[in-house]
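Note that the coordinates shown come from a computational prediction; the quantities given were computed from them, not determined experimentally.
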Amino acid sequence: MDNKNTVILTINCGSSSLKFALFDFTSLTLISKGNIQNIGADSSVHIEDAAGHEERAIQPVPDLNAAIQLLTGLLQESYAPYAIHAIGHRIVQGGKAHYLPERITPALLDAFESLIPLAPGHLPAEITAIRAFASAYPTIPQIACFDTAFHKDMPFAAKYFAIPRHLWEDGIIRYGFHGLSYEYIYQQLQQSSPQEAKGKIIIAHLGNGASIAAIRDGKSIDTTMGLTPAGGLVMSTRSGDLDPGIILYLLKEKQFISERALNELLNKQSGLKGVSGTAADIQTLLEMESTDPKAAEAVQLFCYQAKKYIGALTAAAGGIDTLIFTGGIGLHAPLIRQRICADLDYLGIQTDAALNNDNRDIISLESARVKVRVMATNEEYIIAQHTQQWLLTH
């Protein structure tokens, strides 16, 4: 073991996907990364090393445990020269008591079990992964890195819902999510443009899950997601914000008597998928929109919501100096960026069509008051960074 290179393994998993990365423990240099997508069917397995060499395969992976077995086998065979010093996990929700990175213990796992109702689409898979890696690597510390931490000091008016205060004590507050992504983007901006990082920044993390956050003086001022990752923007299969009366109506008039049926409707059958009636993927919908009015309306609704929230968060931040697009859609869909930014000239947002279509790092007009950037996020790096910091200080 002493002759092996010491690494941090990061794990970022969902109900049907498992992302991993290996980082050098000392330098946090990326060694390798990969993902297993479409777990539960013929899954795509993609592995890429730091030099860009890739391996891809399609194979049956029936469930998350099988995906973890596949990964642990790969780590033991293909990454034998590396000794895992710690495993860092992205944890979507830690409730009111858990924000800062901490070592995962049986007591913390019990706390996660109790928080499943706040993130039913994420926490069960994360708990499964933690238990599986504890079984495979029983002596290696596992560190929880929370997606809510970046937003924990939001101002009072942004953090609390207008419900009886005793419910706040029960943990019914606005937590905000995608915090690991926002933290990475902000760190990168600090390094590349420190003066710009001191300004008023709106970051749009647009992917299957989507949210937008306002940052001022390096702190989260407000964000679109709330108690759960289902709030805020229209997403691939999640509804985003709803009039609470809709829930009451569904319970009373449509006999949605089970929590499971309501969760299925709002988290898995709504959003782009629900509006289009066909697809949850924005690129697919863009290809369909010229011949399918429902596909076009789904795209229109997505862009409208993002535009509206950019305006609202600009008001919350007291202005805007920089708008940043990230996430899979933010990074790879110039047409969506163009439509979101259209008619926002009054805020000082003006994009250059050629720069936008080329997916350049900066897509705003040189003369525009607001800088519009396109940046790749890297949640895995932040997980590794938090894991390293925890180990060095404990």
Side-chain angles (χ1 to χ4, degrees), residues 1-91 101-104 109 122 125-145 147 180-181 184 376-392 394:
M1 288 287 281
D2 292 341
N3 295 324
K4 292 186 175 185
N5 298 313
T6 306
V7 298
I8 292 171
L9 169 66
T10 67
I11 298 295
N12 183 348
C13 73
S15 57
S16 63
S17 66
L18 174 65
K19 296 180 188 175
F20 77 92
L22 287 175
F23 293 87
D24 179 87
F25 176 75
T26 303
S27 66
L28 293 186
T29 303
L30 178 69
I31 294 165
S32 184
K33 63 180 180 179
N35 60 67
I36 304 169
Q37 300 282 351
N38 199 30
I39 294 169
D42 282 340
S43 305
S44 64
V45 182
H46 174 217
I47 300 165
E48 181 180 345
D49 67 19
H53 300 123
E54 296 182 88
E55 292 180 35
R56 295 179 184 271
I58 302 291
Q59 64 187 85
V61 181
D63 55 31
L64 184 58
N65 276 313
I68 293 165
Q69 285 182 351
L70 177 66
L71 175 55
T72 53
L74 182 72
L75 291 168
Q76 289 161 3
E77 292 169 19
S78 301
Y79 297 99
Y82 299 101
I84 298 172
H85 191 52
I87 302 170
H89 291 265
R90 175 198 179 212
I91 303 297
E102 62 181 291
R103 184 167 184 169
I104 297 169
L109 268 178
H122 297 82
E126 292 163 0
I127 292 167
T128 296
I130 290 165
R131 294 192 191 281
F133 281 103
S135 177
Y137 301 99
T139 62
I140 293 175
Q142 299 193 77
I143 309 301
C145 303
D147 224 11
L180 298 169
S181 174
Y184 178 81
T377 193
N378 191 339
E379 294 164 318
E380 284 67 35
Y381 179 83
I382 295 295
I383 296 168
Q385 186 181 75
H386 284 319
T387 301
Q388 180 201 54
Q389 288 170 349
W390 191 93
L391 290 164
L392 292 175
H394 288 79

Participant: Kindly write out the residues that satisfy side-chain hydrogen bond (donor to acceptor under 3.5 Å, both in side chains) with Q388, not counting sequence neighbours, or none if the list is empty.
Facilitator: none

Participant: Hey, could you give me each pair passing ring pair (Phe, Tyr, Trp, His ring centres under 6.0 Å) that has a residue in residues 46-82? Not counting sequence neighbours.
Facilitator: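 Sorted result for residues 46-82: empty, none.
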
Participant: Can you give me every donor-acceptor pair (side chain of residues 36-45, partner residue at least two apart or in another chain, under 3.5 Å) with its distance?
Facilitator:
{"from": "N38", "atom 1": "ND2", "to": "D42", "atom 2": "O", "distance (Å)": "3.3"}
{"from": "S43", "atom 1": "OG", "to": "N38", "atom 2": "O", "distance (Å)": "2.9"}
{"from": "S43", "atom 1": "OG", "to": "A41", "atom 2": "O", "distance (Å)": "3.2"}

Participant: Only pairs at least two apart or in different chains count here, so list each salt bridge (charged side-chain N to carboxylate O under 4.0 Å, His left out) that has a residue in residues 67-84.
Facilitator: none

Participant: Please identify each residue that fulfils ring-ring contact (aromatic ring centres under 6.0 Å, His included) with H122, with sequence neighbours left out.
Facilitator: none

Participant: Before giving the answer on side chain to side chain contact (heavy atoms under 4.5 Å, CB included), spell out for Q385 and L28 the whole-Å C-alpha distance, their side-chain angles and the decisive distance to 0.1 Å.
Facilitator: CA-CA 7 Å; Q385 186 181 75; L28 293 186; 4.0 Å; yes

Participant: Using distance alone, with no hydrogens and no angle criterion, decide if H89 and Q142 have a side-chain donor and acceptor under 3.5 Å apart.
Facilitator: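 Their side chains do contain a donor-acceptor pair, which is all the 3.5 Å distance test asks for.
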
Participant: Which atom names give the shortest non-hydrogen contact between I140 and A86, and what distance separates them?
Facilitator: CG2-CA, 3.6 Å

Participant: List for me each residue that meets salt bridge (Lys or Arg N to Asp or Glu O under 4.0 Å) alongside R103, sequence neighbours excluded, and say none if there are none.
Facilitator: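 If we apply the salt bridge (Lys or Arg N to Asp or Glu O under 4.0 Å) test to R103, skipping adjacent residues, there are no hits.
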
Participant: Under the rule for side-chain hydrogen bond (donor to acceptor under 3.5 Å, both in side chains), what residues qualify as partners of T377, not counting sequence neighbours?
Facilitator: S181

Participant: Under the criterion side-chain contact (heavy atoms from CB on, under 4.5 Å), which of I87, T10, I11 is the partner of I383?
Facilitator: T10

Participant: If every non-hydrogen atom of C13 is compared with every non-hydrogen atom of A125, which pair is closest and at what distance?
Facilitator: SG-O, 3.5 Å

Participant: Return the OG to CG distance between S32 and L75, rounded to the nearest 0.5 Å.
Facilitator: 9.0 Å

Participant: What residues, two or more places apart in sequence or in another chain, satisfy side-chain hydrogen bond (donor to acceptor under 3.5 Å, both in side chains) together with E380?
Facilitator: N12

Participant: Applying side chain to side chain contact (heavy atoms under 4.5 Å, CB included), run through L391 and T387 and close with a yes or a no.
Facilitator: CA-CA 6 Å; L391 290 164; T387 301; 4.0 Å; yes

Participant: Applying salt bridge (charged side-chain N to carboxylate O under 4.0 Å, His left out) as the test, list every pair that has at least one member in residues 46-55; sequence neighbours left out.
Facilitator: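 Non-adjacent pairs meeting salt bridge (charged side-chain N to carboxylate O under 4.0 Å, His left out): E54-R56.
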
Participant: May I have all residue pairs that pass salt bridge (charged side-chain N to carboxylate O under 4.0 Å, His left out) and include part of residues 127-136, sequence neighbours excluded?
Facilitator: E113-R131

Participant: Minimum heavy-atom separation for I91 and A144, please, with both atom names.
Facilitator: CG1-CB, 3.7 Å

Participant: Rounded to the nearest 0.5 Å, how far does OH of Y184 lie from CD1 of I382?
Facilitator: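 Going from the CD1 atom of I382 to the OH atom of Y184 covers 7.5 Å.
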
Participant: Could you pull out all donor-acceptor pairs under 3.5 Å where a side-chain atom in residues 60-71 meets a protein atom, sequence neighbours excluded?
Facilitator:
{"from": "D63", "atom 1": "OD1", "to": "N65", "atom 2": "N", "distance (Å)": "3.3"}
{"from": "D63", "atom 1": "OD1", "to": "A66", "atom 2": "N", "distance (Å)": "2.8"}

Participant: Between side-chain atoms of residues 16-24 and protein atoms elsewhere (two or more places apart, or another chain), which donor-acceptor pairs fall under 3.5 Å?
Facilitator:
{"from": "D24", "atom 1": "OD2", "to": "T26", "atom 2": "N", "distance (Å)": "3.0"}
{"from": "D24", "atom 1": "OD2", "to": "S27", "atom 2": "N", "distance (Å)": "2.9"}
{"from": "D24", "atom 1": "OD2", "to": "S27", "atom 2": "OG", "distance (Å)": "3.1"}

Participant: Could you tell me if the side chain of T72 sits less than 4.5 Å from the side chain of F133, heavy atoms only?
Facilitator: yes

Participant: Please step through side chain to side chain contact (heavy atoms under 4.5 Å, CB included) for the pair I31 and N5, ending with a clear verdict.
Facilitator: CA-CA 11 Å; I31 294 165; N5 298 313; 5.8 Å; no

Participant: Roughly how far apart are D147 CG and E126 CD, rounded to 0.5 Å?
Facilitator: 8.5 Å

